[in-house]
Amino acid sequence: MVYYSRQGHTERMAQAVAEGASAAGVEAVCRPAEGCSLEEVLAADGLAVGSPTYFSNVAWPIKKLIDESLIFYTRGQQLRGRVAGIFTSSATQPDAKDCLLAMEKAFRFHHDMKLLPGIIGVDGESPEQMRQRCLAYGRQLAEAMLRSDK
């Protein structure tokens, strides 16, 4: 679980996604993007990436991680076939959809990962509703990872 969070919204989403994945039987580790190494990304069996939406795009620490992940692409698409998830916190749905699309392009189309449809936490949604959706998303990610191992 790699995320960037300036105000805490995306971090809370990441923690709930990780909690849901753990409850479904997958060891989930949360790492802020600034403290996550490319070696950790490559060593993981799956990946979930979360970012706040800034002007319809990802925050720069997530963009930096995506840009640096180019090394995996050039070394024979080392992330190909792994399960991935994406999520964002945003003030508006349209901007959030654009942010998810940016992450989808990187992980589904370039890295050829098995990407679950992303989720959005929008201002105005109750914290408990968002938490429940993130827990469910974490369980879905874990179930997809466990299925892909077989």
Side-chain angles (χ1 to χ4, degrees), residues 1-54 57-66 68-69 72 77-93 95-150:
M1 194 80 46
V2 181
Y3 68 91
Y4 172 75
S5 186
R6 192 174 83 186
Q7 296 179 330
H9 302 296
T10 310
E11 180 178 17
R12 285 189 293 278
M13 291 179 75
Q15 290 169 345
V17 172
E19 186 180 334
S22 294
V26 169
E27 181 184 351
V29 178
C30 269
R31 292 269 191 273
E34 308 89 63
C36 183
S37 71
L38 289 177
E39 292 79 20
E40 289 176 293
V41 171
L42 189 58
D45 294 325
L47 181 65
V49 179
S51 175
T53 298
Y54 293 157
N57 214 325
V58 297
W60 75 265
I62 298 299
K63 176 66 169 123
K64 182 179 184 284
L65 177 77
I66 290 170
E68 290 175 349
S69 76
F72 303 139
Q77 288 190 299
Q78 292 175 304
L79 298 177
R80 174 183 280 151
R82 294 186 194 186
V83 173
I86 53 178
F87 55 95
T88 186
S89 57
S90 179
T92 68
Q93 283 278 345
D95 284 340
K97 288 178 182 178
D98 288 341
C99 179
L100 289 178
L101 182 58
M103 289 191 277
E104 181 178 356
K105 286 179 181 178
F107 299 114
R108 180 188 310 245
F109 299 122
H110 297 295
H111 285 303
D112 198 19
M113 298 180 82
K114 297 174 186 172
L115 187 70
L116 271 65
I119 61 170
I120 300 168
V122 180
D123 285 353
E125 178 179 22
S126 85
E128 186 54 29
Q129 284 177 319
M130 184 174 62
R131 177 175 160 64
Q132 291 305 316
R133 287 191 314 104
C134 290
L135 287 168
Y137 192 67
R139 287 190 299 272
Q140 291 172 354
L141 281 168
E143 290 164 2
M145 287 177 63
L146 293 169
R147 279 193 309 272
S148 73
D149 284 346
K150 295 179 179 175

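The backbone N or O of Leu115 lies less than 3.5 Å from a partner atom in the side chain of Arg108, making a donor-acceptor pair. In this structure, the side chain of Arg133 engages the main chain of Ile120 through a donor-acceptor pair within 3.5 Å. Under a 3.5 Å cut-off, the side chain of Tyr4 and the backbone N or O of Val49 do not form any donor-acceptor pair. Looking only at distances, no side-chain donor or acceptor of Ser51 sits under 3.5 Å from a matching main-chain atom of Val58.
Here the side chains of Glu19 and Arg131 are in contact, with some heavy-atom distance below 4.5 Å. Residues Pro127 and Arg12 fail the side-chain proximity criterion, which asks for heavy atoms closer than 4.5 Å. The shortest side-chain heavy-atom distance between Pro52 and Gln7 does not fall under the 4.5 Å cut-off. The closest side-chain heavy-atom distance from Leu79 to Leu42 is below 4.5 Å. Side-chain contact between Arg6 and Tyr54: present, with at least one pair of heavy atoms (C-beta onward) separated by less than 4.5 Å. For the pair Met1 and Phe87, the minimum side-chain heavy-atom distance is below 4.5 Å. With a 4.5 Å cut-off on side-chain heavy atoms, Thr92 and Asp123 do not count as touching. Within the 4.5 Å cutoff, side-chain heavy atoms of Arg139 are placed close to those of Leu135.
No hydrogens or angles considered: a donor-acceptor pair under 3.5 Å links the side chains of Glu128 and Gln132.
Across Ser5 and Glu11, no two heavy atoms sit closer than the pair OG-N, 3.1 Å. In terms of heavy atoms, Val83 sits closest to Ser148 at CG2-OG, 3.8 Å. Pairing each heavy atom of Glu40 with each of Gly35, the nearest pair is OE1-O, 3.6 Å. Shortest non-hydrogen contact noted between Val2 and Cys36 is CG2-SG, 3.6 Å. Of all heavy-atom pairs between His110 and Lys105, the closest is CD2-O, 2.9 Å. The two residues Ala28 and Ala18 have their closest heavy-atom pair at CB-O, 3.5 Å.
The distance from atom CH2 of Trp60 to atom NZ of Lys63, rounded to the nearest 0.5 Å, is 13.0 Å. Atom CG of Leu47 sits about 9.0 Å away from atom NE2 of His111, to the nearest 0.5 Å. Residue Ile62 holds its CD1 atom at 11.5 Å from CG of Asn57, rounded to the nearest 0.5 Å. The distance from atom CD of Glu125 to atom OG of Ser90, rounded to the nearest 0.5 Å, is 11.5 Å. The CZ atom of Phe107 lies 11.5 Å from the CG atom of Leu100; values are rounded to the nearest 0.5 Å.
The number of heavy-atom neighbours closer than 6.0 Å to CD of Glu27, taken from other residues, nucleotides and ligands shown, is 12 or below.
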Val17 vs Leu141, side-chain contact (heavy atoms from CB on, under 4.5 Å): CA-CA, chis, key distance, verdict: CA-CA 9 Å; Val17 172; Leu141 281 168; 3.8 Å; yes
Would you check, one step at a time, whether the test side-chain contact (heavy atoms from CB on, under 4.5 Å) holds for Leu65 with Val41? CA-CA 10 Å; Leu65 177 77; Val41 171; 4.1 Å; yes
